[in-house]
Structure formats: C-alpha cells, structure tokens
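Structure first, commentary second.
Note that ligands are numbered from 1 as they come in the structure, with each ligand's atoms numbered from 1 the same way. Residues: numbered from 1 along the sequence shown.
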Amino acid sequence: MFDAKVYTDRRNRLRKEVKSGLVLIFGNPEASFNYPANTYHFRQDSNFLYFFGLDHPDLAGVMDIDENKDYIFGNDVDLDDIIWMGPQPLMSEQAAKVGVGDTAPLNALFEKVKEAKSQGRKVHFVPPYRGETYIQLENLLGIPVADLRNHTSEELIKGIVKLRSIKDEYEIIEMEKAVDIAYEMHTTSMRMAMPGVVEREIAGTIEGISLGMGGPVSFPIILSIHGETLHNHYHGNVLKEGRMMVTDAGAETVSHYASDITRTVPVGGRFNQCQKDIYEIVLEANMTTIEATKPGIANRELHMMAAKVIASGLKEMGLMKGNVDDAVKEGAHAMFFPHGLGHMLGLDVHDMEGLGENYVGYDDDIKRSEQFGTAFLRLGRKHQPGFVFTIEPGIYFIPALIDKWRNEKKFLDFINYDKVETFKDFGGIRIEDDILVTETSYRVLGTPIPKTVSDVEETMSF
Ligand code: GLY
Ligand code: MN
Ligand code: MN
C-alpha cells in the first residue's frame with residue numbers, strides 16, 4: 001500500500017473529472033471455486049486498489065462529490081471471524097491508512113445510495129465483470145442485471161482511464177519489481193527447455209517463482225511448443241528438439257502491479273538456421289519499435305512499423321512477395337502476425353480492459369481499424385510520458401489460417417503459399433517487453449531478460 005496522500009490525491013483528481021454525483025467503486029467479494037467456502041485466491045478490484053488501496057473482500061468505496069466526502073463501507077470483524085482469521089484492524093483504522101475519514105457497515109451503503117437517488121443525484125459506476133458485483137449493483141440500484149451495462153458512467157470511465165494511464169514514480173517502482181520477478185521466471189524457463197521435459201513442469205516451476213517472490217502470476221501462463229496458438233494454456237506436450245517453446249508469463253507484485261513478458265527459445269538450447277532466420281525478424285520488429293517509442297508517436301504507428309519489418313523480413317525469406325508497403329496496407333502480413341503490437345500494463349495485465357478497450361486504447365484522433373489483424377490492436381492512441389505498455393510482435397504459422405486464406409486465394413500477390421506450406425509445422429515466435437514512455441523517449445522496465453540469439457543460447461547453456 002502507498003502513503004495515504006497518494007490515494008487522497010488520486011480521489012481528488014478523479015473528483016475534478018467526474019464533477020458531480022456519487023462515485024461508487026465496489027471492491028471484490030470472494031469467489032467460490034468448487035464449493036462455497038473453498039474460494040479462489042482473493043484478488044481485489046484494480047479500481048478499488050487504485051483509489052481506496054485496501055486489499056480484502058467485501059468493501060465498497062464511495063466518493064460523494066457534491067458533499068466533498070469519501071466513505072469506505074465494510075464490516076468490522078466479529079469474534080467468529082477472529083477465531084478463523086486472527087485479529088484485524090478496525091475498518092476506521094484501515095480507512096485512515098488510505099486517507100478516508102468516514103466508514104460504515106456494508107449494509108449502510110443502501111441508505112447512502114437511496115438518499116442520493118431520491119435527491120436526483122447521479123450514481124456513477126463502471127462496467128461490472130463479476131457475477132457477484134452484478135447482483136450487488138442490481139440490488140442497490142434496482143437496475144436489472146441485463147441492463148446494468150447500459151447505465152455505466154462515461155464520465156467515471158474516462159476519468160479513471162485518464163488517471164490510471166499515467167503511472168507515477170511509485171507505480172513504476174512496483175512495475176520494475178514485477179519485471180524483475182519475470183526475469184527469474186523466464187531465465188528459469190529457458191534453462192529448463194530441454195528435450196523430454198513436459199511443459200507443465202516448467203509452467204509449474206515458474207508459477208512458483210512468481211508466488212514466492214511477490215504475488216500470483218498476472219495471467220494464466222502461456223507456455224507451449226505450439227506457440228502458433230496465441231493463448232495456449234495446454235501444458236501437456238513433451239519438449240522435442242527442433243521445436244521452439246514460447247513462454248508468455250508475468251508476475252504480480254505484492255501490491256498487484258503486473259509484468260507481461262514473452263520469450264521464445266529453441267528446445268535444447270541451440271537455434272537451427274530456419275529458427276534463427278524467423279527469430280531475427282521478430283527481434284528486429286521488437287527492437288525497432290521499442291527504439292521508436294517516444295511521447296507523441298501513436299501506438300498504431302508502432303504497430304504498422306512492426307508489420308513492415310515482419311513483411312520485409314518474410315519477403316527476404318521468400319515467404320512473402322511484392323511491394324511491402326502495399327502488402328501491409330492491405331493486411332497480408334496479418335496471416336503471420338494476426339494480433340496487435342501491445343497493450344497498456346499496470347494493475348491489470350491488459351490495463352483497465354474492463355472499462356472498455358476503446359476508452360483505454362483509442363480516442364477522438366485515432367479510431368480502431370476494422371482490418372483483420374490491426375483490428376485486434378488494443379492500444380492505438382498517441383503515447384504520453386508515464387504510459388507503460390507492452391511491445392510484443394510475433395510471427396506464427398497457423399495451419400488453419402494458411403489453409404483458409406489459400407483456399408480463398410487471398411493475397412496471392414503478397415504471399416508465397418508454396419513456401420509457406422513448408423513452414424506449417426514451425427510453430428510461432430513472440431518476443432514481448434514492458435516499456436515506460438519517458439519525457440523524451442522510453443525505458444525498458446526491469447533487468448534485461450536475454451533476447452538476442454547469442455544471449456538466449458548462452459543462458460540456456462548452463
Ligand atoms: N499475456 C497476454 C498478452 O501478451 O497480452
Ligand atoms: Mn504476454
Ligand atoms: Mn501482452
């Protein structure tokens with residue numbers, strides 16, 4: 001948790017954005033796993049963490065903007081709770097740590113909201129994403145679950161996005177820690193990537209590193225010798241020489257800031273020539289776009305830059321052909337690079353995605369493309385100092401996509417399908433880093449994680 005002043009300042013800035021009414025920010029309740037009392041690992045809501053800081057279930061934060069007062073609603077523990085959970089500070093003591101002077105039991109929230117509604121004041125809330133929160137909001141506001149998303153507050157969403165997009169010095173320290181945990185996870189994964197090992201042995205080991213050094217992983221680990229499946233959560237394959245292994249994994253710090261890193265390595269520790277050729281193209285796309293990062297450049301421009309590096313590298317290898325600029329303009333590269341260059345990163349691994357991707361990644365100047373591939377870019381707008389985002393280009397050979405486009409005779413001027421056929425069992429490569437936009441340029445967060453061919457081979461050699 002940060003100093004109380006950090007939370008008070010954040011709420012005061014949000015107040016200026018939303019201007020009037022009651023802001024309601026629910027913390028998360030526990031979520032049951034396989035029977036009611038057996039719960040998933042508790043994860044607090046990120047907006048609640050950002051504005052109200054407290055990290056346990058069954059809390060609600062309210063900012064009464066008209067009254068210029070903040071409240072935390074939550075219950076003090078009773079003797080039964082103390083027997084099971086141990087003694088806990090009073091709600092008033094906890095609230096004071098985040099600069100909130102007024103607390104009340106959770107059921108008093110009904111009165112507070114009822115009073116505001118009867119006065120004709122707006123109750124601002126963001127899109128819910130947990131079933132429990134949908135039900136709480138329905139009970140509280142009398143809006144049916146199915147209709148709740150039509151009543152969310154655009155002023156609140158935009159205000160939160162404006163604040164959370166710019167990371168302060170305290171947050172950046174946390175995010176560096178998250179990448180440093182990922183350093184340990186990824187270098188361990190590299191060293192374990194030897195023939196005969198089962199993917200889950202590596203995935204389990206590196207998840208343990210995250211838990212031991214901070215919090216849980218920031219999203220379910222993607223680790224596979226079938227990297228062509230972008231979010232592959234199956235960890236049952238046995239590693240074989242000749243395959244590449246993709247590890248896309250990050251950690252949460254104790255304070256819940258995330259990292260999100262991908263490395264791709266040759267099983268056994270030595271790249272063959274073909275792997276090296278494709279790898280060098282992805283690496284060039286990664287490094288060229290990192291080096292071009294600065295305030296004012298649109299992330300969509302970086303995405304298109306990566307697409308051109310990829311298309312021109314694939315043309316040199318004879319997998320693509322024709323004019324590179326035209327190929328990228330028409331979207332032919334997306335057969336090999338069918339996702340976006342990256343996304344915001346912060347308390348959420350896809351930061352603030354729950355508020356609506358277009359609010360986070362786009363604005364009045366830059367609207368989302370509708371073209372296959374570029375349409376999946378989560379962050380298109382111009383960079384500002386304080387943004388933290390990922391750069392994660394990739395090249396994949398996805399047999400089903402290759403077959404479909406070939407049958408449709410798509411982009412025959414730009415794709416050399418006969419050669420592509422010979423790569424159908426290649427898999428995929430992605431290289432992902434976490435980048436801070438500084439006042440004039442950029443900084444790659446954390447201890448550098450090996451990514452050149454020679455650094456990866458050296459790391460894997462002992
Ligand atoms: N961890 C999924 C992604 O890279 O966005
Ligand atoms: Mn990732
Ligand atoms: Mn990512």
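Counting the atoms of ligand 1 from 1 in the order shown, those under 4.0 Å from a heavy atom of E432 are 4 (O).
Taking the side chain as every heavy atom from C-beta outward, T133 and E138 never approach each other to under 4.5 Å. Taking the side chain as every heavy atom from C-beta outward, V388 and E171 never approach each other to under 4.5 Å.
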*For E174 and K167, run salt bridge (charged side-chain N to carboxylate O under 4.0 Å, His left out): C-alpha distance rounded to whole Å, both residues' side-chain angles, the deciding distance at 0.1 Å, then the answer.*
CA-CA 10 Å; E174 288 303 304; K167 272 64 183 180; over 6 Å; no
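For H350, every N, O or S atom stays at 2.8 Å or more from the Mn ion (ligand 3).
Annotation: atom 3 (C) of ligand 1 to nearest protein heavy atom, D260 OD2, 3.5 Å.
Side chain of K367 to backbone of D363: a donor-acceptor contact under 3.5 angstrom is found. Looking only at distances, no side-chain donor or acceptor of E17 sits under 3.5 Å from a matching main-chain atom of K158.
Protein N, O or S atom count below 2.8 Å of the Mn ion (ligand 2): the structure gives 4.
For the pair R300 and Y362, the NZ or CZ position fails the cation-pi test of under 6.0 Å to the six-membered ring centre and within 45 degrees of the ring normal. A cation-pi contact, defined as under 6.0 Å to the ring centre and within 45° of the axis, is absent between R430 and Y396.
Side-chain contact annotation: T390 with E392, donor-acceptor N/O pair under 3.5 Å present.
At a 3.5 angstrom cut-off on N or O pairs, H231 does not count as close to ligand 1. Geometrically, ligand 1 and E392 share a nitrogen or oxygen pair separated by less than 3.5 Å.
Considering H350, R368, H343 in turn, R368 is the only one that fulfils the side chain to side chain donor-acceptor pair (under 3.5 Å) rule with E357.
Here D248 has side-chain heavy atoms under 4.0 Å from ligand 1, and that is the only part of it that gets that close.
Heavy-atom proximity to atom 5 (O) of ligand 1, evaluated over H350, H339, R378, R430, is greatest for H350.
For the pair R263 and D455, the salt-bridge criterion is not met [side-chain N within less than 4.0 Å of a carboxylate O].
No other N/O/S atom of H343 lies as close to the Mn ion (ligand 3) as NE2 does.
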